[in-house]
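Contents: one structure, followed by commentary.
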There are 2 protein chains.
Amino acid sequence: MAAVTLKDVAERAGVSIKTVSNVVRDAPRVSEATRKRVLKAVHELGYRPNPSARRLRTGHSGLIGLAVPDLATPYFAELAQHVRAEAAQLGLTVLIEETSGDATEELRLATGVGASLLDGVILSPLGVSPDDLAAVANEFPLVLLGERSYARDQVGADHVLIDNVAAAREATTHLAGLGRTRIAAIGVDRQASATSRQRLEGFQLALHEAGVTYDPRLAPSIKEFDRRNGLLAMRALAELPVGVRPDAVFCFSDLLAAGAQRALFEAGLRIPDDVAVASIDGSDEALYSTPSLTSVVPDKAAIAGLAVKCLAARIRSDVPLPFEVHTAPHWLHARESTNGGHQRLFR
Amino acid sequence: MAAVTLKDVAERAGVSIKTVSNVVRDAPRVSEATRKRVLKAVHELGYRPNPSARRLRTGHSGLIGLAVPDLATPYFAELAQHVRAEAAQLGLTVLIEETSGDATEELRLATGVGASLLDGVILSPLGVSPDDLAAVANEFPLVLLGERSYARDQVGADHVLIDNVAAAREATTHLAGLGRTRIAAIGVDRQASATSRQRLEGFQLALHEAGVTYDPRLAPSIKEFDRRNGLLAMRALAELPVGVRPDAVFCFSDLLAAGAQRALFEAGLRIPDDVAVASIDGSDEALYSTPSLTSVVPDKAAIAGLAVKCLAARIRSDVPLPFEVHTAPHWLHARESTNGGHQRLFR
DNA sequence: TCGATTGGTTCCAACGTTGTAACTGCGAAA
DNA sequence: TTTCGCAGTTACAACGTTGGAACCAATCGA
């Protein structure tokens, strides 16, 4: 309401508005005496710069956007926390948006709200086409999370990702290493999103290496990466005739795995004795589930760090930078859903 | 980058800047012919109003903040989705912030970023004192989520909440109705947050009504409302000597219950046969856990709707409105963790 | 002693928008 | 014919901030 402005501070300190501005921006050429006097007034009045005015004048707001398909997905929620932490270190504030995987919404965020309010956007795309994004990335700082869906030499924007093929391969190899031969995959996307395609590729690769033949009946299509789809897919798999029914399942996300675990529970099948379960995401929820879930854990802190730093560099620079692709590490955490037995968390 | 401004549109349409402004704001006194011509230019150039400039001039940005302690808590993530949906209907954009329950951070959000960038804030307070918030609420649109911590006639800000005492009472009564007599509570907060105190009150009330004496050993203090604290608290309870060990537990949040379920699993105790479990939050995670979790489900859509509408009204009004307290409904969903047996989700 | 240099500060204009007031026609009332 | 009213439009100033240039002392070298 009664917002304190530079003018108020200037009057109190007995200097000009511009001098106060110089002080708060840490500009050089301010004498120590003046600086102290101004800072005192700033403190007394509780002055805070007006971001709107600042942005209007400089073109920078110190705000960046993070757009994810779904905030209630533990993976994205945890990622958002890391992004916020990284951004805070650079003095940036994060505006979190939810796209529902809607292409229009994803684009609107990058062009609409983005261009006029935010300095840049970190986007986890789901529905939007690479071409559209590339067009935007050329005129607005944009970092994409997750695997890109076009060829390696056609990078049209900055990317931060994990090696999805390798991650899926490791998880599947782990399942095969238990001696399982009827390994199912839950997460083949009807819209064939890039992430889904690459995880399927890693899955098939691992099967091939293990000498297990790929059975399409064990890789049903799903609509969304949520618990409900995981449950329904697993239920259908569990009802397959003996001999076809899987003895292991690799889920493309922890949420799908949570649904699958539930379906197995309802069907009276034991994990991992009857069906071993592995997935990708490494959310806290997976660690605490019963049994705890074997999962490939992407280094979320690294992803967030790379994305924020990359975006910040692009924002700061006024010359067009070449687009970069950063890969963050991941690790397989083997837990009860494949090992069996009871582990004791924390001691 | 090359942002389109009113000036560009005005030149293209052959009218003054102000006329374009009038058109895009739907101001009266614009002839139909002019309006059409201007809208055509707007569309052709892809003009989007600059929120910073608009906010600077009018004092309104169309942005509201939602500040929650922790985004990775399913309850808050789900609530955020509802808030976003409600706000979108009113043409408002939501900036989601995470406070970690830190009092300084909570206040900074309301005064700092808030006052100069946002039109108003919906805050789920955890650490900040009511007095500080009341002071802020008087000069900045603020709606608080969750129970207030001061007397009924001292309302210093708008509130949207559920009846925590009643909710806790219903859950506990449900446990007592199973014939359980050694009922534990997990969620007594070391900092004695308002929510925690009220849930404890409802818990004790229900025990009294059921003729069960309250045993402080069964209501340990915890530090945070997360899975880890739930696990550690339940583990300690499970290790109590026979005769003292609980046969039921009421957790103050789904996250605590998830940890408690894990601890019971590790201890080899069956749910609900050995220990029945109930909680508050009604997150999706609780529905899918094994066994599914009996929980009191607050009407999150109602909470979000009331909060957003209340905040919007306060933003629009230039006269100080009286502070209001809105109560959203809640329901007890009894599931496997108290009923036993297997239910089949979806059909 | 004078001009040049430097540190420190101030003045001016501009960012894109909108509220207020002023201006233009034009038809209706006097 | 003059005047009034009104719909439709425009000019101007201001929101709070900052980049650039101008300004003013004091100090320096010659």
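Chain naming here is simple, since letters A, B, ... match the order of the sequence lines and numbering starts at 1 in each.
For A:Asn50 and D:dT18, the CG to C1' distance is 13 Å, given to the nearest whole Å. Remark: P of D:dT17 and NE2 of A:His60 are 18 Å apart, rounded to the nearest angstrom. Across the protein-nucleic acid pair, A:Leu6 atom CG and D:dG19 atom P stand 12 Å apart, rounded to whole Å. We find that CZ of A:Arg57 is positioned 18 Å from P of D:dA14, with the value rounded to whole Å. A straight line from CZ of B:Arg55 to P of D:dT17 spans 12 Å, rounded to a whole angstrom. Between B:Asn22 atom CG and D:dA11 atom P there is a gap of 13 Å when expressed in whole angstrom units.
Residues A:Leu142 and A:Leu144 are in side-chain contact: their nearest non-hydrogen atoms beyond the backbone lie under 4.5 Å apart. When side chains are defined from C-beta on, A:Leu6 counts as touching A:Tyr47, because their heavy atoms get closer than 4.5 Å. In this structure, the side chains of A:His159 and A:Phe323 stay at 4.5 Å or more apart for every pair of heavy atoms. Side-chain contact between A:Arg84 and B:Glu97 is present, with heavy atoms from C-beta onward closer than 4.5 Å.
If you take CG on A:Leu79 and CD1 on A:Ile122, they are separated by 8.5 Å, rounding to the nearest 0.5 Å. Rounding to the nearest 0.5 Å gives a distance of 10.5 Å between CG of A:Asn22 and OG1 of A:Thr34. Distance OG1/A:Thr195 to CG/A:Leu145: 10.0 Å, rounded to 0.5 Å.
For the pair A:Tyr47 and B:Val15, both in contact range of DNA chain D, the more 5′-proximal nearest nucleotide belongs to B:Val15. Each of B:Thr19 and B:Ala53 was matched to the nucleotide of DNA chain D holding its nearest heavy atom; the match closer to the 5' end belongs to B:Thr19. With DNA chain C read from its 5' end, the first of the two nearest nucleotides for B:Arg25 and A:Ile17 is the one closest to A:Ile17.
For the residue pair A:Ser21 / A:Arg25, a side-chain donor-acceptor distance below 3.5 Å is found, with atom types taken as modelled.
Phosphate proximity of D:dT17 to A:Ser21: absent, as no side-chain N or O sits under 4.0 Å from OP1 or OP2.
For A:Lys309 and A:Asp158, the salt-bridge test fails: no basic side-chain N is under 4.0 Å from an acidic carboxylate O.
When DNA chain C is scanned 5' to 3' for any atom under 4.0 Å from a heavy atom of chain A, the first and last hits are C:dG7 to C:dG16.
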Restricting both atoms to N or O, compile the protein contacts to nucleotides 20-22 of chain D shorter than 3.5 Å, with distance only.
{"unit_1": "D:dG20", "atom_1": "O6", "unit_2": "A:Lys18", "atom_2": "NZ", "d": "3.1"}

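Note on A:Ser31: only backbone sugar-phosphate atoms sit closer than 4.0 angstrom, heavy atoms only; bases stay farther off.
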